[in-house]
Each structure stands twice: as structure tokens, then as C-alpha cells.
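Counting starts at 1 for both ligands and their atoms, in listed order. Predicted model, so just to flag it, every value in this text is computed and none were measured.
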Amino acid sequence: MLRLDTGNALPFLNDGALDQLRPRVEAAHQAVLDKTGAGNDFLGWRDLLLDPNDALLEDLAATAAAIRADADVLLCIGIGGSYLGAQAVIEALTPYFPPRQDDAPAGAGDLFGQGASRSPEILFAGHHMSGAYLRELLAYLDGKSVYVNVISKSGTTLEPALAFRFARQFLEDRFDDADRRIIVTTDPSKGALNQLQRERGYKKYEIPRDVGGRFSVLTPVGLLPIAVAGVDIRSLFYGAVAACERYASTQDNPTLDYAATRYQLHQQGYDAEVLTAFEPRLSGIGDWWEQLFGESEGKEHKGLFPASLQYSTDLHSMGQYMQQGRRILIETFLMTEDDDGDLAVLDSAANLDGLNYLAGQTMTHVNRKAYEGTAKAHTDGGVPNMTLWLDRIAPGPLGECLYFFEHAVAVSGYLLGVNPFDQPGVETYKKEMFRLLGKP
Ligand code: PA5
């Protein structure tokens, strides 16, 4: 079970502040449960956990199995909430380096377990507008068995729509069964993708209307790519279901402690939160978290600025600012309790690098001491920090972690007095861009 340690944040809080805040925190939490707060028609991300659709999970698994059996590459086309969740979970739950191709035949693995089979490569497009990226991507795909999952709730977002034009053409030029290789994930009926899907008979998954993009990782938006990557989507989903039940309580609820602590620190003048992980495979969770908190809280000139870092890599770059820059920062460490495989430091006869004092210690131990040292140094340097501990990096705990942040940001948005489920600010740049592009 997930655990939040706020020990290094409490000394920075004004005396009695959390106790005074508690009634407001509980009211915000209740507004999420009772659907009485702003944006309450966008709480479908909880409903889908309160009433799990097992048939949909099975259907997604079956589609994923068929793709795994035939594809070298699944190209996922989407931006923002339509790709960050899938990318985060896939990065966290698949090996750093793919198994050797000749060791495992395609599609031979167990879809609901991380089998040893090789998985199709999961690539992303439509998450920016680089022509160079698209050109090189299409050249890379040439000669491979490619499937495309185009994911857009509105069906009108420029980046994925442009990328999909290229991907469709690519498939139609090469495959007689191009239409079978395209899976559309979009609104139940609205938007341009629906018209095309109907005309061409593409397989389609629906994004519930009441689930916003950044809350959609546990809908087909995230679940199909994640399943194609070979991850056990049932355990992921049910990890979130268990968290949704657990965090409905006001007692022993770390989502409320997290929301309250960061809110109170924000009131005291801390304006940015940095999420850091010492395990690189968790850095995608940081990117997903940035969008979740940035889009949910950053409005009406309010909200902590969210930024994610990866340690110890970034201790050698941003570590300087963290330690001695402006004291507007709070930090949340994302850590795992388990040992990642006991790779022990080697003994060296010559000991020229002087590291024999570490010989026999596991890399996990060294990495853990780096975390402990960093937490202490940053506390001493004036950065209030918390640590969110996951049991291990596995589908169930990851599902719990996703829900933890979703619930926390909803409560947090209500504490700030904003609607956590809209994003009016992202339209402004689009208006300017479309004007410059001459959109009729
Ligand atoms: O969270 C959001 O709502 C956004 O990030 C959207 O997911 C993003 O803009 C993509 O929108 P769409 O799925 O409609 O293409």
C-alpha cells in the first residue's frame, strides 16, 4: 500500500495550520465524493472505478493480443492527456531494454502478466509538430508491420490530426488491410474522427464524455497501448479501484495529507513543486503528473508550478538550484520500498577509484542513500519535502499511484477555489496559431 511521509515538510508549516485547514480539506474531499464542486460533470474518472467494466477490459485485452501477435510497432497518435498516461505506465512497467528478438516469438506472452515474449515497439506521434520527427519516423517504420492507434477525444486537435494524415497514407500505401490496422479512440459520437471511422469501418473505443484528457489513463486512451506493451491492465485498473475505495475515507487518507500540506505551503509563499524519482523508469509518471497538476491548478493566477526531475541525474544540473536557488520550492520524492534486483558493487583489486568501501553493497542501497542524503540536504537548505512510497513498481501499485494523484489534485483544486477539471487557458495560443495559419 502506498505511504506518504510528510516528516520533512511539517517543520516548515505555520503552527497549527494543518489542523485549522482540516475542515476545509474534508469539505473539498466530500465535494469530490458527492459531485457538488465545480466541474462536477467531469468526475467520470471516479465512476469508472466505482463500477468497473470488466467486459471492456477483456475486449481491450483481446484487441491488444491480436495486435501483439502481428505488429512490430504500435504507433500511438495523441497529445497531452491522450498520450502522457500511456507513455508513463509503459515506461514504468516494461524493461529498459527489450528482450532479444530471437529469444521470444511475437505475441507469445501472457497478456495479463509481464511475459517474456517480445512486445511490439510502442512509438508516439502527434505530440508535437516536428516535420523532421515525422519524416524520420515514417522512414523507420518502412518494412515493419505497423498498427496505429489514433487517440483524440475532440478529434480536432491539430498535432494528432496532422500526424494521422501521414500515418494513414503510410498504411494505405503498404497494406491491403490498412483499415484493420487502425484503431480509433475518441468521443462516443462527436468529432471528425468519428465520421472517418464510420466510413472506413475502423475499430473504435470510446472516451467517456465525463472524463477529461488528463484523467483518462484508465480508459481505452491509456489501457489499449498499455495492454499492447504487455502490461497487466487488469491489475493496473484494479489497483486504482482499490485506491478509489480506500481514499473515499477521511481517516488515514494520504491524498488529503498531500493536498493539505502542499496547499498550506503554497499559502506560505512556496510557488513551485518538484516531483523527483530516483528510478528513471518513473520519470514518465513525473511528466504525467506535471500535466495533471499544471492544467488542473494553474488558473486564475493560482497554483504551484509543477516540474519533474530525475535523480540522481538532475542533481548534477538542477541540484544546485534545488539546494541554493530561490526558496519557493517544495519537493515530492517518488520512491519504491522494494529492492530492484541486488546488483552488488564489484570489488577491485587495484581500487584505483577508491570505491572498495562500497564493494558488496547493492546498487539499490547506494541509490537509497543518495535519496536519504538529498532529502536531508534539501531540508537543511530550506526545501520542504515529502516522500510518496510505492510498495514496488508493478501494475497494482502504479494504479494506486495514478488514483492517488487524481484524487489529490481534485481536492487541491477545490482548496484553491478553482475548477480542477477545465483548461480554458490552453485555447488562447490555439486561437493565435490558427489566425496565423489562416484557418478559415
Ligand atoms: O487534458 C486535456 O484535456 C488535454 O491535454 C487533451 O488531452 C489534449 O489537448 C488532447 O485533446 P484531444 O484528446 O481532444 O485531442
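- Counting non-hydrogen atoms of neighbouring residues, nucleotides and ligands closer than 6.0 angstrom, the CG atom of D176 reaches no more than 12 such neighbours.
- Taking the centre and axis of the six-membered ring of F170, the NZ or CZ atom of R168 falls outside the cone set by 45° and 6.0 Å.
- A cation-pi arrangement, defined by a distance under 6.0 Å to the six-membered ring centre and an angle within 45 degrees of its axis, is present between R281 and Y96.
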Give the C-alpha distance, both sets of side-chain angles, the deciding distance and a yes or no for salt bridge (charged side-chain N to carboxylate O under 4.0 Å, His left out) between E295 and R214. CA-CA 8 Å; E295 273 192 351; R214 59 188 175 275; 3.0 Å; yes
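- Between the side chain of T219 and the backbone N or O of S216, at least one donor-acceptor pair lies under 3.5 Å.
- For ligand 1, the 4.0 Å heavy-atom shell takes in I79, G80, G81, S82, S152, K153, S154, T157, G213, R214, Q291, E295, Q423, ordered by chain and residue number.
- In this structure, R262 is positioned above the aromatic face of Y258, its NZ or CZ under 6.0 Å from the six-membered ring centre and within 45° of the axis.
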